[in-house]
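What follows is one structure encoded as structure tokens, with my remarks underneath.
Each ligand, and each atom within it, is numbered from 1 in the order the structure gives.
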Amino acid sequence: MNKDFLLENFINGIPKAELHLHIEGTFEPELMFKIAKRNNISIKYSSVEELRNAYSFNNLQDFLNIYYAGANVLVTQEDFYDLTKAYLDKVHLQNVQHCEIFFDPQTHTSRGIGFGTIINGIHKALVEAKEQDGITSKLIMCFLRDLDSDSAMKTLEEAIPFKDWIMAVGLDSAEVGNPPSKFTEIFNHARNNGFITVAHAGEEGPADYIWEALDLLKVSRIDHGNNSLDDKKLVDELVRLKVPLTICPLSNYKLRVVKDLKNHPLKKMMNMGLVITINSDDPAYFGGYINENYCAIAEALELSKEDIYLIAKNSINASFLNDNEKELLYKKVDAYMELNK
Ligand code: HPA
Ligand code: ZN
């Protein structure tokens, strides 16, 4: 049998965790049109096909413009439930055992949608997926870094009553010009309230932003982190502290962080000792869910079964599951590897 085909099968079946996934980025055009109709909201594209054809981006901001426009049709708790359920159903078929999902409350509260409407809808789908499919999950609330810190603080205060449902806070949206230092006080307040912290850094922004995320926001993971490679001391520090990077290959390609997947630094990063995971970021917009990301980068960089095994294990190790939960998943990955040697 063809070697690539065998590796694709191996990737599809391996138990894994997804750690960098924006729920608003899973909004497939078909569901968007359905929900828009239900809510009597018009979309500026006349068909699913026309909308999909608009998914061509020169940079992060290009993408964000379309991504925020799409999210505007989400209004009711049922909308957030349907969105989350569609993602979970999809990745259940991709052998995702655990996922850590970002959501962007400010995108919705700024339109008058209640915080409770958003989180109740998402949470309901997460509970059902655990009951029906055994998928575990955590929620990570992101602050939009292009908005001011007062808006972030207000959002954090709204989240505190839902603390039991939210594991961590993160930072996303337009990176350049919005350094982590802008949110030092917010992240201090979040940590004082028991939230873990993560941040997008070094996707388009400089290595300095990754230093700030580590030193000022005390993050447990760096989302993206591609530009860490510009700073040897930073790489040494990330390796020393074993700070995982949540890499998103198809996102990097579609947003032109890399010109070609063949130039993607993922394998080089692994060789340098960085803790690398593979994730889909915004799969509805970037042309692939988690397994498509694994397959695309595996093909481009000629990754081996052992590489895939290590990355899948990293995804569990880098998650916010407790040690017992991690142990159970390691066993599943090891049993799978044993069967498929
Ligand atoms: N970067 C920053 N913000 C985002 C992204 C991303 O890749 N996806 C959704 N919001
Ligand atoms: Zn992201």
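A ring pair (Phe, Tyr, Trp, His ring centres under 6.0 Å) with Phe286 is found for exactly one of Phe63, Tyr67, Tyr253, namely Phe63.
Checking Ser173 against Tyr68 by side-chain atom types alone, a donor-acceptor pair falls below 3.5 Å. With hydrogens and angles left out, the side-chain atoms of Glu292 and Gln94 include a donor and acceptor closer than 3.5 Å.
Within the set Glu24, Lys254, His22, the minimum heavy-atom distance to atom 9 (C) of ligand 1 is found for His22.
Remark: Asn58 CG is packed, more than 12 non-hydrogen atoms of other residues, nucleotides or ligands lying under 6.0 Å away. The local environment of NZ in Lys326 is crowded, with over 12 non-hydrogen atoms from other residues, nucleotides or ligands closer than 6.0 Å.
Residue contacts to the Zn ion (ligand 2): His224 brings no N, O or S atom closer than 2.8 Å. Metal site remark for the Zn ion (ligand 2): Asp281 contributes an N, O or S atom at a distance under 2.8 Å.
The shortest N or O to N or O distance between His224 and ligand 1 is under 3.5 Å. At a 3.5 angstrom cut-off on N or O pairs, Ser251 does not count as close to ligand 1.
For Phe102, no heavy-atom contact with ligand 1 is shorter than 4.0 Å. In Asp104, neither the side chain nor the backbone holds a heavy atom less than 4.0 Å from any atom of ligand 1. Counting heavy atoms closer than 4.0 Å to ligand 1, residue Glu203 contributes side-chain atoms (C-beta onward) but none from N, CA, C or O.
Counting atoms of ligand 1 from 1 in the listed order, those under 4.0 Å from a heavy atom of Phe63 are 8 (N), 9 (C). Close contacts of ligand 1 with Asp281, meaning ligand atoms under 4.0 Å from a residue heavy atom, involve 6 (C), 7 (O), 8 (N). Using a 4.0 Å cut-off to heavy atoms of Asp282, the atoms of ligand 1 that qualify are 5 (C), 8 (N), 9 (C).
When hydrogens are left out, the protein atom nearest atom 3 (N) of ligand 1 is Ser173 N, 2.8 Å; that is the closest non-hydrogen contact.
Here the side chain of Asn279 pairs no donor or acceptor atom with the backbone of Asp281 at under 3.5 angstrom.
The cationic group of Arg38 does not satisfy the cation-pi geometry with Phe33, failing either the under 6.0 Å distance to the six-membered ring centre or the 45° limit from the ring axis. Taking the centre and axis of the six-membered ring of Phe57, the NZ or CZ atom of Lys254 falls outside the cone set by 45° and 6.0 Å.
Between NE2 of His20 and NE2 of His22, the angle at the Zn ion (ligand 2) works out to 110°, rounded to 10 degrees.
Closest heavy-atom contact between Tyr336 and Asn9: OH-O, 3.5 Å.
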